[in-house]
Amino acid sequence: MPELPEVEITKRSLSKQILRKKVSSVTIINPELRYNINKEKLTLLKGKIIKKIIRRSKYILIFFNDTNVLLIHLGMTGRFYYTKTNGRKFNTSFYNNTNIINKHDHLKIKFGKFSLIYNDVRKFGFIKRIQKKNVVTSNHLSRLGCEPLSNKFCFNYLKSKILNKKSSIKNLLMNQSIVAGLGNIYVNETLYFCKIHPEKKGYKIVDKDIRKLISVIKKILKNAIIAGGSTIKNYHNSEGKKGSYQKNFHVYDREGKKCLRISCKGKIRRIKRSGRSIFYCSKCQT
DNA sequence: CGGGACTCCTGAGGGC
DNA sequence: TGCCCTCAGGAGTCCC
């Protein structure tokens, strides 16, 4: 699921469902993830109450009523869902009506009448228990750049980060120490709307285009969050709902199709760079 | 050090 | 049906 909008939607769902709830048990179903789940550390969360849930870049941080914090990254296929733990039905459609362990489930956190399950097909995500005082200095969070939806993400900031860079603007925008939270889809879409070729070097981006990048990134991310994120291959958020921003894709996964700019007769191209796809209009992105 | 390529893992889908 | 290949929303690591 996971670029900034999808992680934000996941975080909002978690806030709605588990904030102020007390952990009644923790079960490790399959510890194998990017970093194996530490059973001893996680089971210590039993009895703790969730006080705060925040998102930083593509990470989710769950703060408990002591010094414990869960640091979560969804990788490529990580997702949460809920399941009821007694016979009664919930009056929402958020919950699976079963107690069955599904394939690729890794962790189950029970909150009295329902449980939160972490499921991750490709195991690129992780869940770590860390201490509150180590949040800022954690290897994962300490090197992150600006939140693109914050006021700090502005012309001067982005200009300073790409000024002398020989990397492509596509790679620079994907770099989490420059913009924290963008991924392949939203970078491809951003560059399309800015009419910038993805392989244009950072130092060649003119001021006008840097301003444009700032405003387009903010706009796309806001719209994607409003749309509930993007849903690809039937992934869905933890409340079982699908995002709809994929309907707005202008270049991503549109190889061979016509450019959607009325004045442009170009076709969308796909090229591969270090194993990842770049989609762009070969005519209007220069 | 900067920058690019490779790697972890599983499943879906296309071609033959 | 099945085999083989490619591809997938991320990011840490390795190498030049």
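Throughout, protein chains are lettered first and strands after them, A, B, ... in sequence-line order, and every chain is numbered starting at 1.
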field: Letter per nucleotide, 5' to 3', of nucleotides 4-9 of chain B [B base touched, S only sugar-phosphate touched, - untouched; heavy atoms, 4.0 Å]
entry: SB--BB

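In this structure, NE2 of A:His104 is placed 8 Å from P of B:dA12, rounded to the nearest angstrom. Between A:Leu71 atom CG and C:dA11 atom C1' the separation is 13 Å, expressed in whole Å. The distance between atom CG of A:Asn188 and atom C1' of C:dG10, rounded to the nearest whole Å, is 15 Å. The separation between A:Asn175 atom CG and B:dG3 atom P is 9 Å, rounded to whole Å. Taking atom CD1 on A:Ile232 and atom C1' on B:dG11, their separation rounds to 15 Å, with Å as the unit. Here the P atom of nucleotide C:dT13 and the CZ atom of A:Arg143 are 9 Å apart, to the nearest Å. Note: CD1 (A:Ile60) to P (C:dG9) measures 19 Å, nearest angstrom. Rounded to a whole Å, the CG atom of A:Leu182 is 11 Å from the P atom of C:dA11.
Distances were taken from every side-chain heavy atom of A:Gln176 (C-beta onward) to each of C:dA11, C:dG9, C:dC7; the shortest belongs to C:dA11. Here the side chain of A:Tyr35 is nearest to one of C:dA11, C:dG12, C:dA8, namely C:dG12.
Listed for the A:Lys46 side chain is no donor-acceptor partner under 3.5 Å among the backbone atoms of A:Val23. A:Glu189 places no side-chain N or O within 3.5 Å of a backbone atom of A:Phe249 that could act as its donor or acceptor partner. Here the side chain of A:Ser57 pairs a donor or acceptor atom with the backbone of A:Gly181 at under 3.5 angstrom. Judged purely by atom type and a 3.5 angstrom limit, A:Ser244 uses its side chain to pair as donor or acceptor with the backbone of A:Ala227.
A:Lys212 NZ: 12 or fewer foreign heavy atoms inside a 6.0 Å radius. Residue A:Lys128 places its NZ atom among more than 12 non-hydrogen atoms of other residues, nucleotides or ligands, all under 6.0 Å distant. Dense packing is recorded around CG of A:Asp207, with more than 12 heavy atoms of other residues, nucleotides or ligands lying under 6.0 Å away.
A:Arg276 has no side-chain polar atom (N or O) that falls below the 4.0 Å cut-off from OP1 or OP2 of C:dA8. Close to C:dA8, at under 4.0 Å from its OP1 or OP2, lies a side-chain N or O of A:Ser277. At least one side-chain nitrogen or oxygen of A:His73 sits closer than 4.0 Å to the OP1 or OP2 atom of C:dA11. Distances shown here put every side-chain N or O of A:Lys272 at or beyond 4.0 Å from the OP1 or OP2 atom of C:dT6.
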Dot-bracket encoding of pairs in DNA chain B, which uses [ ] for pseudoknotted crossings and | for another strand, Watson-Crick or G-U under 3.5 angstrom: .|||||||.|||||||

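Residue A:Arg270 is in sugar-phosphate contact alone, with no base atom involved, counting any heavy-atom pair closer than 4.0 Å across all strands shown. Within 4.0 Å of A:Tyr59, counting heavy atoms only, lie sugar-phosphate atoms of the nucleic acid but no base atom.
Comparing B:dG3 with C:dG9, their C1' atoms sit 23 Å apart, to the nearest whole Å. Rounded to a whole angstrom, the distance from the P atom of B:dC9 to that of C:dC3 is 22 Å.
Among the candidates A:Lys133, A:Gln131, A:Lys132, the single residue satisfying the side chain to side chain donor-acceptor pair (under 3.5 Å) test with A:Thr67 is A:Gln131.
Minimum heavy-atom separation, A:Arg129 to A:Leu45: CD-CD2, 4.2 Å.
No salt bridge links A:Lys170 with A:Glu199; every basic N to acidic carboxylate O contact stays at or beyond 4.0 Å.
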